[in-house]
Amino acid sequence: MKKILSIDGGGIRGLIPGQILVALEKKLQEKCKDPQARIANYFDFFAGTSTGGILTCLLLCPDEDDPKKPKFSAEEAVDLYKRYGDKIFQVSFLSRLLNYQSMFSEKYPANHLEEVLLTYFRKKRLSELLKPCLITSYDIQERKTHFFASHDYPRKGDGGDFYLKDVCRATSAAPTYFEAALIKSISGVSYPMIDGGIFANNPSLCAYSEVRNSKGDPSAKDMLILSLGTGGENKSYAYQKAKAWGALGWIKPTIDIMMSGAAETTNYHLVKIFEVTGSAANYCRIQPEHLRNAVPEMDNVSRQNMQALIELGIKTAQDYSDELDAVVELIFQDKDAVVFD
């Protein structure tokens with residue numbers, strides 16, 4: 001069985017799947033009676049978009065002292081958001097003075113995000129990640145999707161390899177929030193990229209397709225997918241207001257609706273795919289339907305909202321405890337399976 005972990009995009013709302021990952025890792029540790037067990041040890045393939053891409057890279061980042069072991073626990077991975085969330089979404093006094101919410105510039109300077117990514121990843125490369133993975137982004141020059149695939153390195157060499165800090169910068173370059181990312185592969189080729197949430201805010205179906213076409217030709221019945229969302233949108237748009245919006249008024253709502261709609265469509269397809277093969281239990285989607293006390297804006301890093309997101313992540317893990325237990329049981333039933341090739 002190919003065991004797949006997929007994490008949605010959602011900015012600071014990455015705290016929600018982050019806390020679910022903390023709960024999952026504890027369950028895995030309890031099951032194997034090893035307090036040092038890590039999520040990277042128990043899944044064969046990972047996928048992430050935007051904030052989910054950053055979490056994926058953190059979970060799979062190798063330790064300097066022992067490159068075969070993960071550097072960060074799930075708790076340490078989610079700590080990035082707790083410690084640096086307000087720095088990433090920080091606006092300088094000069095930006096405020098120049099009206100940073102102008103339609104003619106991005107909302108936040110990218111240098112704060114880049115500094116945080118450098119702090120965590122330094123010079124580590126995509127090819128060094130511990131397991132195969134897929135991180136989504138979109139090439140605005142070529143006008144096509146771009147998948148950062150760690151397992152592509154043997155085939156493409158340095159042309160398929162990138163610094164992790166650049167991969168994370170590219171997948172999280174959300175339009176209107178951060179400027180587009182101009183990154184280079186290790187071979188020196190430049191790529192102008194934006195957030196993968198534009199087409200796959202929920203990258204589960206991308207992961208399914210990648211594994212489906214791997215060695216052994218596995219089908220849905222040969223896979224286990226755990227898909228983690230960043231919370232259902234509870235922000236509605238009133239018709240009386242929306243009908244009067246012009247081109248500028250539709251920019252932000254269109255991005256929000258497109259990302260959440262794409263995630264819902266992915267879930268719909270995967271439910272159908274796994275049902276038709278008689279393996280519905282092999283697909284688990286965990287996402288709170290409502291944000292409770294949190295707000296949907298993915299850049300709200302107020303202390304109150306971040307605490308609300310943390311609590312929501314903890315509560316969601318508790319509400320879905322049985323589903324997480326079932327995932328753990330499936331993992332350990334198949335613990336000796338050959339990993340993704």
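What you see is a predicted model, and the numbers here were worked out from it, not measured in a lab.
Residues Phe162 and Leu118 fall into different hydrophobic clusters, defined by Ile, Leu, Val, Met, Phe, Trp and Tyr side chains chained together at heavy-atom separations under 4.5 Å.
Applying the salt bridge (Lys or Arg N to Asp or Glu O under 4.0 Å) rule to Lys124 yields the partners Glu64; only residues at least two apart in sequence or on another chain are considered. Every residue was checked against the side-chain contact (heavy atoms from CB on, under 4.5 Å) condition with Glu30, not counting sequence neighbours, and none meets it. Residues that satisfy the side chain to side chain donor-acceptor pair (under 3.5 Å) test with Thr254, not counting sequence neighbours, are absent from this structure. Every side-chain contact (heavy atoms from CB on, under 4.5 Å) that Asp222 has, sequence neighbours left out, goes to Pro218, Ser219. For Phe147, the ring pair (Phe, Tyr, Trp, His ring centres under 6.0 Å) partners two or more places apart in sequence, or in a different chain, are Phe199.
Remark: Ser150 OG to Ile135 CD1 distance equals 8.0 Å, nearest 0.5 Å.
By the 4.5 Å heavy-atom criterion applied to side chains, Leu270 and Asn202 are not counted as neighbours.
Side-chain rings of Phe148 and Tyr191 stay apart, their centers remaining 6.0 Å or farther from each other.
Ring planes of Phe72 and Phe121: perpendicular class, angle over 60° (limits at 30 and 60°).
Look at Glu76 and Lys71 and you find no salt bridge, because none of the NZ, NE, NH1 or NH2 atoms lies under 4.0 Å from a carboxylate O.
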Audit row: Ser321, Lys27, side-chain hydrogen bond (donor to acceptor under 3.5 Å, both in side chains) steps and yes/no: CA-CA 9 Å; Ser321 183; Lys27 288 178 179 291; 3.0 Å; yes
Using distance only, find each side-chain donor-acceptor pair of residues 237-246 under 3.5 Å and give its atom names and separation, not counting sequence neighbours.
unit_1	atom_1	unit_2	atom_2	d
Tyr237	OH	Asp256	OD2	3.1
Gln240	OE1	Lys243	NZ	3.3

